[in-house]
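Each ligand, and each atom within it, is numbered from 1 in the order the structure gives.
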Amino acid sequence: MNDPHATNDSSAGLTQAQLAHALAAATEHLRRIGVTHLPHGDVQAGARWLAQYLPSPAAAESPPPAAAAVPPPAAAAPATPNAAPPIATPPASAAPPAAENTPHKSYPLALPLAERQTQLQQMAAQVAACTRCAELVASRRQTVFGEGSAEARVVFFGEAPGAEEDQQGRPFVGRAGQLLDKMIEACTLRREDVYLLNTLKCRPPNNRNPLPDELDNCRPYFEAQLDVIQPEYIVCLGLFAAQSLLRSKLSVGRLRGRFHDYQGSKVLVTYHPSYLLRNVSAKRFAWQDLQMMMADMGVSP
Ligand code: URA
């Protein structure tokens, strides 16, 4: 019987044992220099990840890195070379939501920066053409996909675009956004270094709350964005972001003050900046929450 570890991996011209060794050495090096989001998976998957960086002509024929395989298409799309990565439609008979803190599947293999940016751009185009929620499609000016660094360490996850965001097509550019900018700066971060996105990509009419169907329809988009970015931290701003990401029914008050998990990202829940504008006394709690994250990141205010 063949020793599977001695077989040649045609994608890189190395034996699996050689690839496994190289992968282990590279992983160990990355861990030592502080990289925390390392690829998961078996030797085969790891070898494919490594093969992208090897100067082998055959490497180009190897399967694309895992994050490119965003879930199956909503409807059969034409297979053009520049087609946007398909994003899953919510299942027709959705399984009951996983209870909070049940183990999630982990993120797919991390992509190089340029590939992340390309995928996000392609997804944004898909989102701009989305017609899943009739009422939102009828009332929106444009979709608000999200923006920021595709390799952000921290993602801020909001509820839904407001009037100003709907007008500009950018997240958090209204009054709440100005407060969020201050919160980001207070964390010694810059807006361009983080990533901002929402549970919904369309403004609900008159800023009403997102409806459960709308949240379900939009979920595959934010999941796909997070799969690409794979942040170390996700800050959920307000109830809808927190309950949606964590599939929880608990209040912000019950969820804040500790880290939760989403696919390996540390999730912090805090008050939405719009709420803080109306309830100034809650600002000190939001500041405590951000300080908890900064301490964990090894950053001092
Ligand atoms: N509120 C949000 O939750 N998101 C935005 O983008 C703007 C305001």
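There is no path of hydrophobic side-chain contacts, each under 4.5 Å, that joins Val173 to Tyr275. Note on Ile234: it clusters hydrophobically with Phe259, by side-chain heavy-atom contacts below 4.5 Å among ILVMFWY residues.
Counting only N and O atoms by type, the side chains of Gln119 and Glu115 include a donor and acceptor under 3.5 Å apart.
Residue Glu159 has at least one nitrogen or oxygen atom sitting less than 3.5 Å from a nitrogen or oxygen atom of ligand 1, judged on distance alone. Close N/O approach between Gly158 and ligand 1 is not found [any backbone or side-chain N/O within under 3.5 Å].
Within the structure, ligand 1 has His272 among the residues with a heavy atom less than 4.0 angstrom away.
With distances taken over non-hydrogen atoms, the option nearest atom 8 (C) of ligand 1 out of Ala160, Pro171, Gly177 is Ala160. One option in Glu165, Arg170, Glu147 has a heavy atom closer to atom 7 (C) of ligand 1 than any other, and that option is Glu165.
A donor-acceptor pair under 3.5 Å is absent between the side-chain atoms of Glu165 and the main chain of Pro171, judged by distance alone.
When only non-hydrogen protein atoms are considered, atom 4 (N) of ligand 1 lies nearest to Asn198 OD1, 2.7 Å.
Note on ring orientation: taking the six-membered ring where Trp is involved, the planes of Tyr107 and Tyr262 are perpendicular (angle over 60°, cut-offs 30° and 60°).
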